[in-house]
Amino acid sequence: MTPPRALRAWIAVAAVAAVVPGVAAEEPDVAHQPSPCTVPGQPISLCASVTDDGQVAKVRIYFRPAGEKFYSFVDMAFTGINFCGTLPAPREGKTQALDYYVQGVDDQYDTKRTSTYQLNIQPEGVCEFPPIEKDAAKAKAITVYATSSKQGKKLPGAFQSAGVTYVPVKVK
């Protein structure tokens with residue numbers, strides 16, 4: 001059975017767009033509503049809406065104590081509505097803020113990221129709506145990846161290490 005004429009035309013245009021240089025896929029669209037603050041001692045849950053004209057391959061939160069040189073990252077998982085990830089709990093008195101951004105990568109390796117945001121660490125009661133991870137299983141199973149071999153083999157001291165697996169960069 002032959003497809004209808006309009007469908008055949010659409011298939012032909014899609015096939016040409018897939019092989020003709022200069023007809024590029026769009027980069028992912030990454031939307032995130034930043035939170036102004038969080039509290040020490042509690043893992044942080046951050047979510048973002050990431051869409052693409054193809055498939056979203058990976059979404060990550062890159063973060064660091066404010067002023068530090070290197071970022072670490074956690075992968076975000078699709079929740080059915082958006083992508084969410086859990087950052088380790090900041091240790092009280094070890095940092096005043098975290099810098100972070102969300103980055104999406106599509107199946108064509110196009111990337112897009114948000115602006116860099118600052119998440120201030122404030123005492124409980126001062127920060128009105130901290131983005132605390134409420135799922136105990138997620139809070140106890142955080143995997144943090146280093147982005148540089150200069151970060152060493154353990155989680156930065158600004159974060160609590162309980163429930164966190166740290167993956168350093170392997171030097172070959």
Side-chain angles (χ1 to χ4, degrees), residues 27-28 30-52 55-124 127 129-172:
E27 60 191 17
V30 181
H32 169 68
Q33 181 62 46
S35 185
C37 60
T38 193
V39 296
Q42 297 291 327
I44 302 163
S45 176
L46 298 174
C47 297
S49 171
V50 183
T51 57
D52 190 63
Q55 295 284 327
V56 175
K58 203 167 280 288
V59 183
R60 293 177 169 162
I61 305 167
Y62 287 83
F63 67 100
R64 67 182 180 192
E68 291 290 318
K69 185 173 184 177
F70 300 108
Y71 282 91
S72 297
F73 70 86
V74 297
D75 286 321
M76 299 175 81
F78 186 63
T79 64
I81 298 173
N82 51 20
F83 289 84
C84 295
T86 304
L87 303 183
R91 292 176 62 196
E92 189 158 6
K94 295 296 182 180
T95 187
Q96 305 229 341
L98 302 178
D99 295 332
Y100 77 94
Y101 62 90
V102 177
Q103 182 179 45
V105 181
D106 68 14
D107 58 347
Q108 299 298 308
Y109 303 104
D110 294 316
T111 65
K112 188 166 183 185
R113 59 166 274 188
T114 63
S115 297
T116 301
Y117 302 109
Q118 192 163 74
L119 187 62
N120 295 311
I121 313 300
Q122 298 178 333
E124 205 159 331
C127 181
F129 301 104
I132 296 171
E133 177 59 70
K134 293 178 175 77
D135 184 333
K138 288 180 183 176
K140 292 180 182 177
I142 302 168
T143 302
V144 174
Y145 297 88
T147 59
S148 170
S149 60
K150 294 179 182 178
Q151 288 175 274
K153 297 184 181 198
K154 64 180 186 169
L155 188 67
F159 301 98
Q160 294 180 355
S161 60
V164 178
T165 301
Y166 184 73
V167 182
V169 172
K170 293 181 183 176
V171 180
K172 294 182 181 184

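Bear in mind that the values here come from a model prediction, so they are computed numbers and not experimental data.
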Asks: For atom CD of Gln96, is the number of surrounding heavy atoms from other residues, nucleotides or ligands below 6.0 Å larger than 12?
Replies: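 Count not over threshold, so no.
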Asks: Quick one: are Ser72 and Gln151 in side-chain contact, heavy atoms under 4.5 Å?
Replies: yes
Asks: Out of curiosity, Arg60 CZ to Tyr101 OH, how far, rounded to the nearest 0.5 Å?
Replies: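 Output value for this atom pair is 10.0 Å.
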Asks: Passes side chain to side chain contact (heavy atoms under 4.5 Å, CB included), Arg113 versus Val30? Steps please.
Replies: CA-CA 6 Å; Arg113 59 166 274 188; Val30 181; over 6 Å; no
Asks: Ignoring hydrogens, what is the shortest heavy-atom contact between Pro168 and Ala146? Give both atom names and the distance.
Replies: CA-CB, 3.9 Å
Asks: How close do Val74 and Leu87 get, counting heavy atoms only, and between which atoms?
Replies: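 Scanning both residues, the minimum pair turns out to be CG2-CD2, 3.6 Å.
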Asks: Taking the side chain as C-beta and beyond, is there a heavy-atom pair between Tyr100 and Pro34 under 4.5 Å?
Replies: yes
Asks: Under 4.5 Å between any side-chain heavy atoms of Thr38 and Ile121, yes or no?
Replies: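 With C-beta onward as the side chain, the pair touches.
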Asks: Between Asp52 and Asp107, is a side chain to side chain contact (heavy atoms under 4.5 Å, CB included) present by the stated rule, with each step listed?
Replies: CA-CA 9 Å; Asp52 190 63; Asp107 58 347; 4.1 Å; yes
Asks: Let me confirm one number: the CD-CD distance from Gln55 to Gln108, rounded to the nearest 0.5 Å.
Replies: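 Going from the CD atom of Gln55 to the CD atom of Gln108 covers 10.5 Å.
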Asks: Evaluate the side-chain proximity of Lys58 to Asp75: yes if any heavy-atom separation is below 4.5 Å, no if none is.
Replies: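 They are in side-chain contact.
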Asks: Would a 4.5 Å heavy-atom cut-off, applied to side chains only, mark Tyr71 and Thr116 as touching?
Replies: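 Yes, at least one pair of side-chain atoms sits under 4.5 Å.
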Asks: Look at the side chain of Thr114 and the backbone N and O of Val102, then say whether any donor-acceptor pair between them is shorter than 3.5 Å.
Replies: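 Yes, the answer is positive, given that a donor and an acceptor are paired below the 3.5 Å cut-off.
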Asks: Would you find a donor on one side and an acceptor on the other, under 3.5 Å apart, between the side chain of Glu133 and the backbone of Asp135?
Replies: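 At least one qualifying donor-acceptor pair exists.
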Asks: Using side chain to side chain contact (heavy atoms under 4.5 Å, CB included), reason through Ile44 and Leu98 one step at a time and then give a plain yes or no.
Replies: CA-CA 11 Å; Ile44 302 163; Leu98 302 178; 3.7 Å; yes
Asks: How long is the straight-line distance from CD of Gln33 back to CG of Asn82, given to the nearest 0.5 Å?
Replies: 12.5 Å
Asks: So, the side chain of His32 versus the backbone of Ser49: is there a donor-acceptor pair under 3.5 Å, distance only?
Replies: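 Side chain of His32 to backbone of Ser49, a donor-acceptor pair under 3.5 Å: no, none is there.
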Asks: Testing the basics here: between Pro65 and Thr95, what is the closest heavy-atom pair and its distance to 0.1 Å?
Replies: CB-OG1, 3.8 Å
Asks: Can you name the closest pair of heavy atoms from Val39 and Cys127 and give their distance?
Replies: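 Shortest heavy-atom separation between Val39 and Cys127 comes out as CG1-CB, 4.1 Å.
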Asks: Roughly how far, to the nearest 0.5 Å, is the CG atom of Leu46 from the CZ atom of Phe83?
Replies: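 Nearest 0.5 Å value for the CZ-CG distance: 15.0 Å.
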Asks: Could you tell me if the side chain of Phe73 sits less than 4.5 Å from the side chain of Gln103, heavy atoms only?
Replies: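 Not in contact.
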Asks: For the pair Asp106 (side chain) and Asp110 (backbone), establish whether a donor and an acceptor sit closer than 3.5 Å, ignoring hydrogens and angles.
Replies: yes
Asks: Identify the heavy atoms of Ala89 and Pro43 that sit nearest to each other, and give their distance.
Replies: CB-N, 3.5 Å
Asks: Taking the side chain as C-beta and beyond, is there a heavy-atom pair between Phe63 and Pro88 under 4.5 Å?
Replies: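 Touching, per the 4.5 Å side-chain cut-off.
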Asks: Could you give the distance from CD (Glu92) to CD (Gln160), rounded to the nearest 0.5 Å?
Replies: 9.5 Å
Asks: Measure across Pro28 and Val50 and return the closest heavy-atom pair with its distance rounded to 0.1 Å.
Replies: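 Heavy-atom minimum between the residues: CB-CG1, 4.2 Å.
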Asks: Nearest 0.5 Å please: distance from the OG atom of Ser35 over to the CD1 atom of Ile132.
Replies: 10.0 Å
Asks: Kindly say whether the aromatic ring centers of Phe159 and Tyr166 come within a distance under 6.0 Å.
Replies: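 Phe159 vs Tyr166: aromatic centres not under 6.0 Å.
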